[in-house]
Amino acid sequence: MAMRAAISRRTGATPASFGARWASSWWGHVDPAPKDPILGVTEAFLADPSPNKVNVGVGAYRDDDGKPVVLDCVRQAEARIAGNLNMEYLPMGGSNHMVEEALKLACGENSEFIKDKRIAAVQALSGTGACRLFADFQKRYQPESEIYIPVPTWANHHNIWRDAHVPQKTYHYYHPESRGLDFSAMMDDIKNAPKGSFFLLHACAHNPTGEKGHFPFFDMAYQGFASGDPERDAKAIRIFLQDGHLLGISQSFAKNMGLYGQRVGCLSVLCDNEKQAVAVKSRLQQIARPMYSNPPVHGSLLVSIILSDPDLKKLWLKEVKGMADRIIGMRIALQKNLEKVGSPLSWEHITKQIGMFCYSGLTPEQVDRLTSKFHIYMTRNGRISMAGVTTKNVEYLANAIHEVTKSS
Amino acid sequence: MGHGVESFGDNSVAASRRLSTLARHLEASSMAESENVGLRRSLTSGFDGDSVFAHVVKAPEDPILGVTIAYNKDPSPVKLNLGVGAYRTEEGKPLVLNVVRRAEQLLINDRQAKLSVLVSRVKEYLPIVGLAEFNKLSAKLMFGEDSPAIRKNRVTTVQCLSGTGSLRVGGEFLARHYHQKTIYIPQPTWGNHPKVFTLAGLSVKTYRYYDPATRGLNFKGLLEDLDSAPSGAIVLLHACAHNPTGVDPTPEQWEKIRQLMRSRKLMPFFDSAYQGFASGSLDVDAQAVRMFVADGGECLVAQSYAKNMGLYGERVGALSIVCNAADVASRVESQLKLVIRPMYSNPPIHGASIVATILRDKNMFNEWTVELKAMADRIITMRQKLFDALRARGTPGDWSHIIKQIGMFTFTGLNKEQVAFMTKEYHIYMTSDGRISMAGLSSKTVPHLADAIHAAVTRLS
């Protein structure tokens with residue numbers, strides 16, 4: 001008793017919590033992390049009380065009323081599964097049914113590679129999860145390799161390959177002056193990269209050659225969403241496959257099926273033969289197991305049902321075209337309004353670019369003025385999410401952009 | 001991510017323009033190559049057309065999941081799957097809790113309603129740290145409604161992918177920000193634990209836990225090993241219902257463990273996968289965790305709803321880090337986001353929405369506790385029945401550990417040969433370490449298992 005009291009006096013601990021009171025936390029040295037550049041925008045938008053506020057930050061689709069949308073095909077699929085199935089663990093590689101359907105969508109209904117069972121494929125946590133699984137796999141089985149990431153790209157790509165400890169380099173992609181593709185610089189970078197480099201490619205984008213023996217990894221997050229036609233949006237991948245490239249694909253159903261929060265995606269790697277595909281798949285599963293054991297079931301059921309039911313698939317195709325068309329319409333409207341309001345600058349790139357985003361060319365300072373003066377929220381690299389543009393706010397947006405750019 | 005750069009693919013004219021540009025480039029740079037521009041194999045790997053992954057060898061089957069695969073292949077009508085830890089009813093069927101069905105129906109009705117615009121009910125992205133309400137409710141469930149640590153905002157809770165995901169995110173955080181990169185895990189432990197922590201960047205060591213002689217806790221060995229661990233080392237503790245042994249410390253033993261750990265400044269990392277499922281009481285099963293939090297010290301807790309809400313495949317869980325002060329907790333949370341974002345950006349919404357729906361509603365919460373207790377009670381009943389059946393057969397040995405152990409699993413003490421014998425002769429599927437999932441048993445199948453054990457023990461000792 002006396003010994004305990006003596007110790008207590010020394011450590012400052014009470015007898016009941018012997019040795020438990022710390023003078024300082026183990027985490028006292030932990031610095032606050034910088035806010036995520038993309039997701040931080042929505043947080044700021046939500047906190048803004050202005051009635052005129054516009055969110056053209058994060059890439060989630062909105063209808064013309066600025067409301068989030070649950071596709072009808074998804075509602076129907078959900079009604080079908082409610083109450084019917086159990087919630088047992090999926091295998092580590094996820095739902096085989098979903099993966100089969102995802103592969104058909106990416107590679108073509110009658111793809112010889114699917115028939116020959118040459119594709120190692122696993123369900124992944126949307127596009128991010130697919131990229132991360134691949135990055136970890138690349139590190140483990142090609143430890144000396146580097147990843148070439150286009151400039152610019154989705155900010156998280158850098159984080160993913162960094163956390164996988166894969167050294168990264170960049171290659172030219174975007175031409176700021178023309179606000180288009182810098183094709184010749186891109187070709188130079190590809191030719192000059194050491195043989196066997198890994199290249200991250202955006203699927204709905206141009207197609208560099210592969211004669212240098214590089215590994216093409218496609219990030220396809222917008223199939224169907226870009227042009228309105230999933231077959232067209234997979235063209236680059238199909239061409240590479242026809243050319244005989246052994247490539248990898250990250251597929252996401254976040255945008256094209258509006259399943260954002262369900263985290264449904266697929267990672268696939270085309271191999272030499274079936275045996276190799278089995279081996280590669282087993283190793284991908286081995287990476288998933290100590291990360292999350294097995295992927296979430298709900299979203300994968302929705303994707304499986306929609307893609308395998310002819311009526312639902314037809315409905316989906318119609319709905320995804322509807323979303324793409326609305327965005328293309330908003331591109332046209334934004335450009336027209338900027339011209340109408342008398343902007344001296346060229347805004348051609350708004351309609352030349354494709355997909356959910358527009359790289360406006362606005363500087364960070366101009367973006368800050370858009371936010372502080374006009375309550376318009378976007379990422380500071382000037383990236384506008386066209387999905388956030390509506391017939392109701394496009395004029396306001398055009399005016400505001402004109403105001404902050406007219407002096408340049 | 002299709003960030004709007006020119007694709008040339010808007011129409012077929014542009015497409016053929018693109019392709020001819022491509023062709024020109026190909027011709028210009030490959031003069032020496034064959035004229036045949038048809039299906040030409042590209043040197044993607046640079047190694048004579050072989051894949052860059054040609055050297056990858058197939059991974060061995062996961063030992064636990066491999067059991068189910070073997071079971072599925074067996075045509076015997078008396079086969080029994082006592083492998084993977086998923087609850088089964090008396091009829092041997094998986095179970096979706098009634099309260100879970102109701103919660104899911106409510107969610108779907110909300111989503112179906114065209115008028116619904118509440119973000120939380122649509123499938124939009126969750127924040128990186130997950131569903132806020134789910135996080136708050138999970139912390140309360142784990143630490144208690146009136147936890148001072150919560151009231152003082154000293155706890156950061158982030159939604160993760162079930163227990164595995166919570167352990168991995170916690171491990172990654174520790175590897176980046178904690179001064180001691182060694183974690184001690186009990187011997188034995190869940191097969192996935194060493195891999196999770198190794199890949200998170202920690203170095204894994206073990207401490208003695210199970211005593212084969214008594215089929216109970218090797219308490220002396222445990223204390224010795226923790227006492228000789230380097231100061232500050234991380235220690236993985238199973239909050240209740242130790243997997244695979246079912247052997248838990250008593251409250252008195254927990255108190256001694258706590259004192260030792262605090263005096264040696266060891267960092268507790270709790271894996272709580274069975275809260276409510278072990279004893280039938282959510283509060284009782286949280287005792288060990290709450291004991292550590294009550295002394296004011298810091299700890300990590302990985303929570304899973306896979307078993308206690310039957311949400312297995314939905315991957316619902318939470319990681320809590322209990323810190324010394326509120327501002328520390330907030331900084332820690334910001335760093336957890338940096339771990340999560342490059343892993344999967346944000347967690348899946350469905351399962352967490354179900355949990356939040358249940359935990360926030362008093363009636364649904366109570367309904368859940370009743371169904372949870374029923375599952376726990378059925379397992380306790382199976383333990384008693386198996387024990388009685390072995391006694392009735394006069395099976396040699398002391399089988400009291402079956403009723404002393406707790407939770408979903410029993411470490412039978414059977415060896416590899418005996419297990420293989422039981423699989424071959426009696427079509428009993430279990431992991432080779434002698435672990436059986438009690439949840440896979442029913443009153444009808446207990447006699448068959450008892451026969452198998454009896455045969456194995458008497459014929460092969």
Side-chain angles (χ1 to χ4, degrees), chain A residues 17-21 25-27 30 32-33 60 67-68 78 82 86-90 125 128-129 132 141 154 159-160 163 180-181 195-196 204 210 213 215 221-222 226 243-246 259-261 263 271-272 279-280 282-283 286 290-293 296-298 352-355 357-359, chain B residues 1-7 9 26 30 41-44 46 51-53 56-59 94 96 101 108 111-112 117 122-126 161 164-165 168 177 195-196 199 259 262-263 295-298 311-315 323-325 328 331-332 334-335 338 342-345 348-350:
Chain A
S17 61
F18 176 78
R21 296 233 175 263
S25 167
W26 284 120
W27 317 117
V30 172
K67 300 270 181 287
E78 191 137 61
N86 60 51
M87 287 154 167
E88 295 285 285
Y89 292 123
L90 281 176
L125 293 158
T128 309
R132 178 57 180 269
Y141 293 101
W154 180 48
N159 300 333
I160 290 169
D163 275 17
L181 184 67
K195 208 169 195 191
C204 309
F215 186 100
Y222 295 94
D243 284 352
H245 286 274
L246 296 174
L259 294 176
Y260 310 97
R263 319 311 294 131
C271 303
D272 282 327
V280 167
S282 74
R283 295 297 177 176
Q286 254 200 338
M291 205 185 273
Y292 49 83
S293 278
V297 63
H298 192 76
K352 281 218 319 239
Q353 291 172 8
I354 196 168
F357 299 108
C358 167
Y359 238 67
Chain B
M1 289 247 154
H3 55 266
V5 192
E6 194 164 9
S7 84
L26 277 171
S30 57
R41 194 49 140 55
S42 145
L43 300 167
T44 297
S51 163
V52 290
F53 299 117
V56 173
V57 171
K58 182 166 190 265
V96 176
R101 265 189 220 285
I108 285 165
R111 287 184 202 140
Q112 299 289 355
V117 291
V122 179
K123 292 180 187 9
E124 296 280 297
Y125 292 119
L126 282 179
L161 278 100
T164 308
R168 178 62 178 267
H177 300 284
K195 296 173 202 141
V196 169
L199 287 180
Q259 284 178 14
R262 293 314 196 188
S263 73
D295 70 14
E298 302 182 311
L311 292 172
Y312 308 95
E314 302 292 346
R315 319 308 296 128
C323 307
N324 221 333
V328 174
R331 280 181 276 132
V332 163
S334 73
Q335 290 291 344
L338 295 191
M343 214 183 260
Y344 51 84
S345 281
I349 189 174
H350 192 69

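Reminder, nothing fancy here: chain letters follow the sequence lines and each chain counts from 1.
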Query raised in the report: Using a cut-off of under 4.5 Å for heavy-atom pairs, which of Leu338(B), Val57(B), Val332(B), Leu199(B) has the most such pairs with chain A?
Result: Val57(B)
Query raised in the report: Tell me, side chain or backbone of Leu311(B) under 4.5 Å from chain A's heavy atoms, or both, or neither?
Result: both
Query raised in the report: In Å, rounded to the nearest 0.5 Å, how long is the span from CZ of Phe357(A) to CH2 of Trp154(A)?
Result: 10.0 Å
Requested in this report: Nearest 0.5 Å please: distance from the OH atom of Tyr344(B) over to the CD1 atom of Ile160(A).
Outcome: 13.0 Å
Report task. Compare all side-chain heavy atoms of Glu78(A) with those of His298(A) and state whether any distance is below 4.5 angstrom. Result -> yes
**Report entry** Which residues share a side chain to side chain donor-acceptor pair (under 3.5 Å) with Asn159(A), sequence neighbours left out
**Finding:** Asn156(A), Arg162(A)
Query raised in the report: If you tally heavy-atom pairs under 4.5 Å against chain A, which of Gly313(B), Ser334(B), Pro94(B), Gly165(B) wins?
Result: Gly313(B)
Requested in this report: Could you have a look at Cys271(A), Ala279(A), Pro290(A), Gly129(A) and say which one has the most heavy-atom pairs with chain B under 4.5 angstrom?
Outcome: Pro290(A)
Query raised in the report: With sequence neighbours left out, what residues match Arg283(A) under salt bridge (charged side-chain N to carboxylate O under 4.0 Å, His left out)?
Result: none
Requested in this report: Count the heavy-atom pairs under 4.5 Å between each of Lys195(B), Arg168(B), Arg315(B) and chain A, then report the option with the highest count.
Outcome: Arg315(B)
